[in-house]
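To start, the structure itself, in structure tokens.
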Amino acid sequence: MKVYIETYGCQMNVNDTEVVFSILAGHGYQRTEDIQQADLIMANTCSVRDNAEQRIWGRIDQFMIQKKAREGVLIGILGCMAERLKDALLDTGKVDIVAGPDAYRSLPQLIDAAREGHPQMNVLLSREETYGDISPVRIDKNGVSAFISIMRGCNNVCSYCVVPYTRGAERSRDPHTIVREACEVFAAGYKEVTLLGQNVDSYKYEDTDFAKLLSMVAGINPQLRVRFSTSNPQDISDDVIYTMARYPNICKHIHLPVQSGSDRILQKMRRRYTREWYLQRVAFIRSVIPDCGLTTDVIAGFCSETLEDHAQTLSLMEEVGFDWAFMFAYSDRPGTLANRAMQDDVPAAEKNRRLNEIIELQNRKSLERYRAQIGRTLEVLVEGPSKRDPSQLCGRASNNMMCVFPASGRSKGTYTVVKVIDCTSATLICE
Ligand code: SAM
Ligand code: SF4
């Protein structure tokens, strides 16, 4: 049987798809990138915002065209949307298999039963499942940079967020399996690993915390770069920041989602920090690692957000000067605390207006941050040809900024030093 999987949402989902391919390969399934060849068509889905789900409903209708055209084609929905909607997906009569994020080991059995004509569902969440023993089948094509999940789920219950309900309680993976996986990818030629979790700073397995895990992975080989995501402002420890400073191969970049610059909104979001705390963390990071890249996530128009709250978000972004940000209009998600107890009362047009202001400010800040790199020399890991101009190569600097530079004797998967001569708000142009 040939399996085709489309992946939506975060990097964690990309990594989960790799785990699914590994489980299915163990049962004789073959991966295909051609939907028309597939006997099993699956989407690994995201529920974080409503528009992510709407897109997937559209894709299910497209999958139906394949199902109608060829005998025996099955459709499966994996991930957060499977977990959130459960039977509602089966009730459409379009979907044959529904499997939540902790149910992937049961996929071979679910598929076998579905082939007999009985739609199947497993959405049980687990307190233990980390897929720690499974070596994911890498689906990214560059062969330079790999993602490794170090934990699953989330215990934070931010009031806007559906993740704790779709991915269950937080659990950390045995560090030895993480180090083993990092060694395997390094032996396979990869030069960079990104350690993934919803809140990496709360990683804890017996006496190993995140700082210790970072040093274990960084200690594998100085030629293996280490990145991580996502850090939470209330949990990122001094120890983690000092560990980053100590190892040249731990990349100097922190993704530190702030969500809002207003204390009142942060409290309603159930984020466990204040604006002041956030700014102090940034100041501390910059005092220990002066060139640290900093990126963030921002939500515009959360419940009850006033123009004053919005202005606080803009002023925080102005003050910090992030290199880059993921910026979203608040999307009310069924089942979350905000959905149950608060009014989604900022009109859509106003949310978008505020979002556009946030984006505009961030574009200006990004350009400033990128311009400040002009004239500097940076060490870059070459990822491959640039998408815009295939005669050029591209790769990231330690601070996560994307660099584009002439090929001139440089090759993919090697480190090179480049000089920044120009930039856009998202790319450093180098020689
Ligand atoms: N665990 C990470 C954290 O705490 O920052 C991020 C996880 S979440 C999948 C990624 C981002 O989506 C969040 O940082 C937030 O900005 C955004 N997000 C989550 N729920 C949202 C919602 N209901 N509406 C809009 N954006 C949302
Ligand atoms: Fe969602 Fe908050 Fe957990 Fe991030 S930390 S996944 S935003 S609940």
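Both counts, for ligands and for their atoms, begin at 1 and track the order of listing. Counting from 1, the numbers follow the sequence of the chain as shown.
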Which one holds for [X] and ligand 1: side chain close, backbone close, both close, or neither close, with close meaning a heavy atom under 4.0 Å?
X	value
F328	side chain
K351	neither
A329	backbone
N199	neither
P257	side chain
I299	side chain

Heavy-atom donor-acceptor pair, [X] side chain to [Y] backbone, under 3.5 Å:
X	Y	result
E192	V226	no
N232	D235	no
K191	G413	yes
N155	E170	yes

task = Test R376 against D291 for salt bridge (Lys or Arg N to Asp or Glu O under 4.0 Å), laying out the working first.
result = CA-CA 12 Å; R376 297 184 62 181; D291 292 328; 3.1 Å; yes
key: Any R271 heavy atom less than 4.0 Å from ligand 1   = yes
request  = Classify the angle between the aromatic ring planes of Y278 and Y273 as parallel (below 30°), tilted (30 to 60°) or perpendicular (above 60°).
outcome  =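 Rings of Y278 and Y273: tilted, 30 to 60°.
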query = So with a 6.0 Å cut-off around CZ of R55, is the heavy-atom count from everything else above 12?
reply =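 No, not enclosed.
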ask   = Under 6.0 Å from the CZ atom of R270, do we count more than 12 heavy atoms belonging to anything else shown?
value =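 Counting neighbours around CZ of R270, 12 or fewer heavy atoms of other residues, nucleotides or ligands fall under 6.0 Å, so no.
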key: Within 45° cone of W57 ring axis and under 6.0 Å: R59 NZ or CZ   =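 Not satisfied by the 6.0 Å and 45° rule.
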Side-chain donor-acceptor pair present, [X], [Y], cut-off under 3.5 Å:
X	Y	value
N156	R272	yes
S331	D50	no
N122	S106	yes

ask   = Can T295 and H253 be said to form a side chain to side chain donor-acceptor pair (under 3.5 Å), step by step?
value = CA-CA 8 Å; T295 54; H253 167 236; 2.8 Å; yes
query = Protein N, O or S atoms less than 2.8 Å from atom 2 (Fe) of ligand 2, ignoring waters?
reply =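 Listed by chain and number, the nearby protein N, O or S atoms are C158 SG.
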Using a strict 4.0 Å cut-off to heavy atoms of [X], name the atoms of ligand 1 that fall inside it.
X	value
R333	23 (N)
R49	12 (O), 17 (C), 18 (N), 24 (N), 25 (C), 26 (N), 27 (C)
Q259	5 (O), 13 (C), 14 (O), 15 (C), 16 (O)

Quick one: nearest non-hydrogen protein atom to [atom], plus distance?
atom	result
atom 7 (S) of ligand 2	Y160 OH, 3.4 Å
atom 2 (C) of ligand 1	Q198 O, 3.6 Å
atom 9 (C) of ligand 1	V48 CG2, 3.5 Å
atom 20 (N) of ligand 1	Y160 CD1, 3.3 Å

task = Determine, for E18 against R138, whether the closest basic-nitrogen to carboxylate-oxygen distance falls under 4.0 angstrom.
result =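 Salt bridge flag = yes for R138 with E18.
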key: ligand 1 to D297 polar contact by distance, N or O atoms, under 3.5 Å   =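 Right, the criterion is met.
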query = Does an N or O from S331, backbone or side chain, lie closer than 3.5 Å to an N or O of ligand 1?
reply = yes
inquiry  = Under 4.0 Å from atom 14 (O) of ligand 1, is there at least one protein heavy atom?
reply    =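 Yes, there is one.
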